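A short write-up of the structure that comes next.
FYI, the numbering just counts along the sequence from 1. Note that these values count all heavy atoms, side chains included, but never hydrogens, waters or copies made by symmetry. Owing to the predicted nature of the structure, the values given are computational and were not obtained by experimental measurement.
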Amino acid sequence: MKDKLKTEATDTLFKAILKLRNIEECYDFFEDLCTVNELQSMSQRFEVATMLKSDQTYLAIAAKTGASTATISRVNRSLSYGNDGYDLVLERLREDSGENKS
C-alpha cells in the first residue's frame, strides 16, 4: 500500500504535518484540511488501536468508542499485518509520558 500512497503530493503533505509545533497548530491545520467526520474517524481508529494494544475486548472498544466491529477488525488487521505505524507512535507516546515498555 505504501507504494500506492507515495507521491510527491503525499510527501509534501507529510512534510507539512511534521512542521506543526503543538496541538493547537494541529487543530488549526487539520480542521482546515479534513472534514469533521474525517478527523473523528481518524481519532476513533487511533483510540481503537490504543485499546486493542491494551488487550481490550471488541465489545468494550465498541462501547467506549462507538466503532463498528468492522472498524475494530480493520484496525486489528493493521496492528497485526500492517507497517507497524501504530506501534511506532504508541511507543513514542509511552516514552514521552515516561511509561516503560510493555
If you count heavy atoms of other groups shown closer than 6.0 angstrom to CG of Leu18, is the number above 12? yes
Are the charged groups of Arg92 and Glu95 less than 4.0 angstrom apart, N to O? no
Leu59 side, atom CG; Lys64 side, atom NZ - distance, nearest 0.5 Å: 14.5 Å
For a side chain to side chain contact (heavy atoms under 4.5 Å, CB included) check, start with the C-alpha distance between Glu47 and Ile61, then their side-chain angles and the critical distance, and finish with the verdict. CA-CA 9 Å; Glu47 185 176 19; Ile61 294 168; over 6 Å; no
Is a donor on one side and an acceptor on the other found under 3.5 Å between the side chain of Glu91 and the backbone of Leu88? no
Can Val75 and Phe46 be said to form a side chain to side chain contact (heavy atoms under 4.5 Å, CB included), step by step? CA-CA 8 Å; Val75 172; Phe46 191 72; over 6 Å; no
For atom CZ of Phe29, is the number of surrounding heavy atoms from other residues, nucleotides or ligands below 6.0 Å larger than 12? yes
Is it the case that the side chain of Asp84 and the backbone of Asp87 share a donor-acceptor pair, with hydrogens and angles ignored and the cut-off at 3.5 Å? no
When you look at Leu39 and Met42, which way does the side chain to side chain contact (heavy atoms under 4.5 Å, CB included) test go after all the steps? CA-CA 5 Å; Leu39 194 51; Met42 288 189 286; 3.9 Å; yes
Let me confirm one number: the CZ-NZ distance from Arg21 to Lys19, rounded to the nearest 0.5 Å. 8.0 Å
Would you give the length of the straight line joining atom OG1 of Thr65 to atom CD of Gln44, rounded to the nearest 0.5 angstrom? 5.0 Å
Above 12 or not: heavy atoms from other molecules or residues under 6.0 Å from CD of Glu31? no
